[in-house]
Amino acid sequence: MLPTANRSSMKFKSHLAADAALVGTTLIWGSTFVVAKDILERWPTISYLAFRFTLAALVLGALFPKPFVRARRAEWRAGATLGLLIGGGFALQAVGLFYTTVSKSAFITGLTTPLVPFVAFAFLRARPSVENLVGVTLASIGGVLILTPQDGGASVGDLLTLASTALFAMHITLMSVYTKRYDVGQLTVLQITVAAALFVGIRLLIETLGGTFDSGSVARFIAHESAPLVWSGRVVAQLIYLALIGTIVTFLLWTWGQSRMSATHAAIIFSLEPVFAVSFAVAVRGAGEWSGGRATLGAGLVLAGVIVSEVRLSNQHGGVSSEE
């Protein structure tokens with residue numbers, strides 16, 4: 001039997017590696033906001049997602065063929081649930097990103113973090129702590145400031161991105177459960193495949209409905225999504241990066257890392273995403289990506305809420321733990 005000191009050292013290294021995996025995931029995700037924004041200025045949203053996730057699913061299927069053969073009904077159910085949640089979240093976020101800035105999209109997505117403890121309570125009966133309540137209050141105020149800048153109200157893109165946070169929060173919460181029950185590679189392949197099938201199905205539905213609606217928002221959406229695809233070397237490179245690095249690498253790191261921590265702890269690390277995204281956005285697209293003082297105050301409150309939700313303010317032990 002290993003000495004207590006050795007066991008503690010191994011546990012610390014395991015936690016450190018898991019944290020590093022999620023920080024790496026978050027850093028890559030931060031870069032994908034800028035790349036996705038650029039490709040969405042040339043491609044319809046659903047087509048972009050269909051190509052990105054289908055390419056990722058094909059590569060994953062080639063790398064990990066056994067999950068399809070060995071997956072039992074329980075694994076398929078878990079993979080389908082996660083795939084539909086992440087697929088819906090990405091769809092709402094991508095459509096929202098078309099109508100808003102990279103920076104606002106990233107910080108609104110950051111509101112996922114304070115939501116996770118409450119979703120965990122709804123699904124797992126893990127009671128939110130005082131810290132969680134304070135954190136979500138600060139983050140909510142910050143979110144309102146970001147969503148309602150001085151130059152006008154929230155855009156459609158902002159609201160769609162906000163809706164995506166609920167699906168992302170449910171996904172993170174269920175990931176913390178499923179990654180402890182099922183194989184990491186298997187779970188990654190199944191959920192990416194289901195998400196790809198979702199986007200391909202929506203794309204086929206749009207083609208089927210083309211011309212059915214003469215006017216209205218549905219007709220405009222179908223017309224936009226039916227636009228011809230503009231291929232170039234830049235688009236191909238972006239799709240490869242988003243599929244291989246932004247999807248396969250991140251999901252493998254994410255699934256492995258979250259199997260070693262709680263949903264709340266994972267969500268706290270993911271709070272770095274808007275910081276990375278804004279840094280990339282300003283560096284690539286210029287200072288115009290950020291909307292000024294009111295949004296800066298809101299962003300600060302979001303980050304403060306995220307941090308506070310993990311700082312132990314009281315001696316109560318009923319909250320959502322960050323360690324397991």
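As the structure is a prediction and not an experimental result, all values here were calculated from the model.
We find the CZ-CG distance between Phe199 and Leu49 to be 4.5 Å, quoted to the nearest 0.5 Å. Here the CZ atom belonging to Phe276 is positioned 12.5 Å from the CZ atom belonging to Phe33, to the nearest 0.5 angstrom. Remark: Leu253 CG to Thr26 OG1 distance equals 10.0 Å, nearest 0.5 Å. Taken from CH2 in Trp76 to CG in Leu190, the straight-line distance is 5.0 Å, to the nearest 0.5 Å. The distance from atom OG of Ser176 to atom CZ of Phe123, rounded to the nearest 0.5 Å, is 11.0 Å. Atom CE in Met170 sits 11.0 Å away from atom CD1 in Ile86 (nearest 0.5 Å).
Between the side chain of Thr165 and the main chain of Leu162, a donor-acceptor pair closer than 3.5 Å is present. Counting only distance, with no hydrogens or angles, the side chain of Lys37 and the backbone of Thr101 share no donor-acceptor pair below 3.5 Å. Under a 3.5 Å cut-off, the side chain of Arg260 and the backbone N or O of Ala18 do not form any donor-acceptor pair. Side-chain N or O atoms of Thr247 include one that pairs as donor or acceptor with a backbone N or O of Leu242 at under 3.5 Å. With hydrogens and angles disregarded, no donor-acceptor distance shorter than 3.5 Å links the side chain of Ser226 to the backbone of Ala223. Listed for the Glu225 side chain is a donor-acceptor partner under 3.5 Å among the backbone atoms of Ile46.
Contact record, Gly87 with Ala195: CA-CB, 4.2 Å, taken as the closest heavy-atom pair. Thr173 approaches Ala120 most closely through the heavy-atom pair CG2-CA, 3.7 Å. Closest of all the heavy-atom pairs between Ala57 and Ala196 is CB-CB, 4.2 Å. The heavy-atom pair separating Ala243 from Ala56 by the smallest distance is O-CB, 3.7 Å. Contact detail for Ser259 and Val184: the closest heavy-atom pair is OG-CG2, 4.5 Å. Here the closest heavy-atom approach between residue Ala281 and residue Val102 is recorded as CB-CG1, 3.6 Å.
A donor atom on one side chain and an acceptor atom on the other are found under 3.5 Å apart for Gln93 and Thr109. Tyr241 and Thr32 share no side-chain donor-acceptor pair at under 3.5 Å.
Classification of the Trp254-His171 ring pair by plane angle, with boundaries at 30° and 60°, yields tilted.
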Exercise. Does the pair Phe168 and Leu85 meet the rule for a side chain to side chain contact (heavy atoms under 4.5 Å, CB included), with working shown?
Worked result: CA-CA 7 Å; Phe168 287 142; Leu85 286 172; over 6 Å; no

For this session: Evaluate the criterion side chain to side chain contact (heavy atoms under 4.5 Å, CB included) for residue pair Val235 and Val230; output intermediate values, then yes/no.
Result: CA-CA 8 Å; Val235 167; Val230 179; 5.9 Å; no

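With sequence neighbours excluded, the residues that form a salt bridge (charged side-chain N to carboxylate O under 4.0 Å, His left out) with Glu75 are Arg72.
Taken together through direct or relayed side-chain contacts under 4.5 Å among Ile, Leu, Val, Met, Phe, Trp and Tyr, Ile202 and Val200 form parts of separate hydrophobic clusters. Leu174 is connected to Ile192 through a chain of hydrophobic side-chain contacts under 4.5 Å among Ile, Leu, Val, Met, Phe, Trp and Tyr, so both are in one cluster. Cluster membership for Tyr178 and Met175, using ILVMFWY side-chain heavy atoms within less than 4.5 angstrom, is shared. Phe90 is not connected to Leu204 by any chain of hydrophobic side-chain contacts under 4.5 Å among Ile, Leu, Val, Met, Phe, Trp and Tyr, and they are in different clusters.
Taking Ile, Leu, Val, Met, Phe, Trp and Tyr as hydrophobic and joining them when side-chain heavy atoms fall under 4.5 Å apart, one finds Leu58 isolated, its cluster having no other members.
By the 4.5 Å heavy-atom criterion applied to side chains, Val249 and Leu244 are not counted as neighbours. Within the 4.5 Å cutoff, the side chain of Leu97 has heavy atoms near those of the Leu40 side chain. Between Ile39 and Arg52 there is no side-chain heavy-atom pair separated by less than 4.5 Å. Side chains of Leu111 and Leu115 form no contact here, defined as non-hydrogen atoms less than 4.5 Å apart.
Screening Thr250, Thr25, Thr179, Thr188 against Thr255 for a side chain to side chain donor-acceptor pair (under 3.5 Å) leaves a single residue, Thr188.
Between Phe51 and Trp231, the ring centre distance stays below 6.0 Å. Aromatic ring centres of Trp43 and His224: separated by at least 6.0 Å.
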